[in-house]
Amino acid sequence: MAVASVPGKTLAELFLSPPRQAEPCVVRGWVRTRRTTRTVSFVELQDGSTLRALQVVFAHDRVPRERIEAELHTGAAVEIAGLLVPTPDRPQPLELQAERYHLYGPADPTTYPLQKKAHSLEFLREIAHLRARTRTFQAVFRLRSGISFAIHEYFQTRGFVYVHTPILTPSDCEGAGQLFCVTTLPLAQVPKRPDGQVAYERDFFGRPAYLTVSGQLEAELLAMGLGKVYTFGPTFRAEPSHTPRHLAEFWMIEPEMAFYDLAATMDLAEDFLKFLARYALTHYTEELAFLAERYEPNLLPEIEAVVQAPFLRLSYTEVIEILQKSGKNFTFPVSWGSDLQAEHERYLVEEYARKPVMVYNYPRAIKAFYMRQNEDGATVASFDVLFPRIGEIIGGSQREERYDVLVRRMQELGMDLFPYKGYLDIRRYGSVPHSGFGLGLERLLLFLTGLTNVRDVIPFFRAAGQMA
RNA sequence: GCCCGCUUAGCUCAGCGGUUAGAGCAUCUGGCUGUUAACCAGAGGGUCGCAGGUUCGAAUCCUGCAGCGGGCGCCA
């Protein structure tokens with residue numbers, strides 16, 4: 001059979017508007033399973049457009065059984081032409097009665113790693129190139145796509161400008177982990193200056209260059225002219241974190257708004273997360289139901305709770321009091337001034353509040369230089385959003401817009417002001433209060449999918465010592 | 001970076017000092033009046049992660065290494 005020249009319908013389209021009576025149809029996809037009896041064979045076909053599979057019936061008097069058994073194995077790519085018929089009295093609403101088929105690419109069952117059974121996520125990580133063949137990853141990647149679209153929709157319909165901040169940067173954005181250095185210098189024989197230092201003036205940019213750890217500093221500059229902006233792109237951290245929540249390359253969303261103070265930004269962050277949770281529930285019902293059944297029985301109630309319940313807002317100081325009164329025996333002692341540990345955050349979210357918590361006004365000593373100093377002289381206008389299961393999902397702050405205060409803080413920390421000339425400049429000319437936050441896309445997806453390892457919510461993961 | 005655990009058939013696992021190492025699923029062969037995680041019968045498939053050590057004897061105990069997973073730290 002020749003390959004049909006017209007694009008066939010996707011299975012999603014077929015299931016969305018099933019035929020009332022039998023009609024000719026061409027479908028394309030990959031074989032998920034096959035069952036054979038004496039007179040007929042059944043093939044379940046998937047094409048990635050929906051989690052549902054189309055049952056294709058091959059009568060052996062029409063299509064030889066020997067050919068079906070030799071070719072239609074799990075994973076084989078095929079085009080099938082036949083009669084699409086409604087089957088209201090069967091478990092599936094419709095099926096395709098095959099007339100003929102074309103085998104695009106076979107899949108040798110003795111070597112093809114995927115079987116018609118559930119595989120462990122750990123095993124699938126070893127064959128990341130085949131993960132898109134599985135329903136779990138089809139659900140995850142479709143959800144990732146939809147959430148990415150929803151993120152743009154949210155900001156675009158609220159007057160934000162999508163800005164592309166550089167991936168290659170000269171500056172080491174303080175307090176955001178270690179950087180990947182980018183160079184064209186020969187690593188085997190790095191040119192050195194007489195004093196032994198690397199001769200960066202001979203490197204590609206004539207100075208050190210890194211992969212960005214955050215678009216925030218540039219977003220701030222753009223917000224100082226465009227008003228409300230957001231970035232949405234890859235971010236790189238060379239921190240060797242060996243946890244299920246960290247990647248070396250991950251995607252981050254960073255809105256930055258002129259004239260927003262801390263409270264307005266916290267309102268935005270909460271509204272934003274509620275919007276995305278609602279979007280997932282209404283547009284990805286099928287995927288969420290599948291993921292809930294497979295991985296996290298409590299998934300839907302948890303997402304519902306994010307949509308419904310107002311997040312609990314507590315100042316850092318209140319949190320310290322709550323933790324001290326909790327009667328819990330924490331491994332890390334609770335005292336004002338020390339950072340909240342994972343165990344503290346978990347108690348707060350999962351036992352005390354039982355819903356998302358926003359903690360604000362952290363001690364200045366444990367936060368980044370750019371966060372706006374509060375009048376009390378002890379705290380900065382920062383906030384974290386803590387989610388059940390995930391922990392920190394958003395970190396943000398009002399930025400220090402006062403030139404003198406900012407410079408004094410940077411000097412206090414012994415920072416070199418030179419690389420921050422532009423950043424400081426916007427504080428000298430027409431400076432205004434402004435704020436922003438960063439949302440980790442993969443962490444949000446952990447929450448929405450019920451999965452527990454960020455390597456499973458990005459198609460090809462890059463983590464310390466691992467490149468899928 | 002620190003701590004803990006795991007590594008046995010293609011996959012998921014059992015066996016935890018004593019003959020030729022097992023199960024389910026997958027694969028292959030045959031059967032079955034439409035199945036739907038199909039079913040029934042049979043077959044093939046393993047240097048028990050790698051390297052040392054202890055022992056009459058090691059998949060099993062010890063040491064080192066590697067890979068993977070988890071906890072903590074750092075953070076998104």
Side-chain angles (χ1 to χ4, degrees), chain A residues 32-45 52-61 65 69-70 73-75 85 87 89-92 95 97 107-127 135 173 175-178 213-216 231 234-254 269 330-332 338-346 366-368 384-387 390-396 437-447 452-458 463-466:
Chain A
R32 185 188 292 164
T33 74
R34 188 197 69 217
R35 295 176 290 273
T36 296
T37 69
R38 199 169 63 83
T39 55
V40 288
S41 288
F42 302 93
V43 163
E44 280 186 40
L45 192 78
R52 304 169 79 167
L54 178 68
Q55 171 155 290
V56 183
V57 189
F58 290 88
H60 293 156
D61 54 6
R65 173 177 178 167
E69 293 198 311
H73 296 111
T74 297
V85 298
T87 51
D89 52 337
R90 302 250 178 230
Q92 60 279 350
E95 65 183 27
Q97 290 171 355
D108 180 352
T110 61
T111 56
Y112 186 63
L114 297 175
Q115 302 167 5
K116 51 177 182 181
K117 57 170 272 191
H119 291 90
S120 69
L121 294 171
E122 289 83 358
F123 171 66
L124 293 170
R125 268 173 227 148
E126 296 169 16
I127 46 167
R135 289 200 290 170
C173 180
Q178 296 175 34
V213 291
S214 164
Q216 182 201 316
T231 71
T235 310
F236 307 88
R237 305 270 168 96
E239 199 71 40
S241 305
H242 296 116
T243 85
R245 293 175 303 283
H246 290 85
L247 292 168
E249 176 182 310
F250 64 99
W251 285 63
M252 191 153 65
I253 298 96
E254 296 178 289
F330 294 115
T331 309
F332 291 84
S338 55
D339 208 353
L340 299 181
Q341 304 296 317
E343 57 174 348
H344 305 145
E345 297 182 348
R346 208 174 310 119
I366 60 172
K367 288 293 181 181
D384 285 354
V385 181
L386 310 178
F387 258 39
I390 316 299
E392 183 178 345
I393 199 168
I394 276 182
F437 62 81
L439 167 70
L441 179 65
E442 286 75 18
R443 292 206 180 157
L444 174 69
L445 288 171
L446 285 190
F447 176 72
T452 54
N453 191 316
V454 282
R455 291 171 180 80
D456 298 329
V457 295
I458 189 167
Q466 289 184 321

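In this structure, A:F250 forms an aromatic stack with the base of B:A76, since both conditions hold: centre separation below 5.5 Å and plane angle below 30°.
The distance between atom CZ of A:F437 and atom C1' of B:C75, rounded to the nearest whole Å, is 17 Å. Counting to the nearest Å, the P atom of B:G73 and the CG atom of A:L340 are 11 Å from each other.
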Mark up nucleotides 23-28 of chain B, 5' to 3', with B wherever a protein heavy atom is under 4.0 angstrom from a base atom, S wherever such an atom reaches only the sugar-phosphate, and - elsewhere. -BSSSS
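Remark: the separation of the P atoms in B:C16 and B:U29 is 37 Å, to the nearest Å. Comparing the same atom, C1', in B:G10 and in B:U54 gives a spacing of 35 Å after rounding to whole Å. Taking the P atom of each, B:C2 and B:C61 are spaced 26 Å apart, rounded to whole Å. Only the P atoms considered, B:U8 is 11 Å distant from B:U47, to the nearest whole Å.
Here A:H344 and A:F330 bring their ring centres to under 6.0 angstrom of each other.
Side chain A:E95 to base B:G34: a donor-acceptor pair is found below 3.5 Å.
Shown here are the ring-ring contact (aromatic ring centres under 6.0 Å, His included) partners of A:H246, two or more places apart in sequence or in another chain: there are none. Residues passing the salt bridge (Lys or Arg N to Asp or Glu O under 4.0 Å) test with A:E254, sequence neighbours excluded: none.
Side-chain N or O atoms of A:S241 include none that pairs as donor or acceptor with a backbone N or O of A:T243 at under 3.5 Å.
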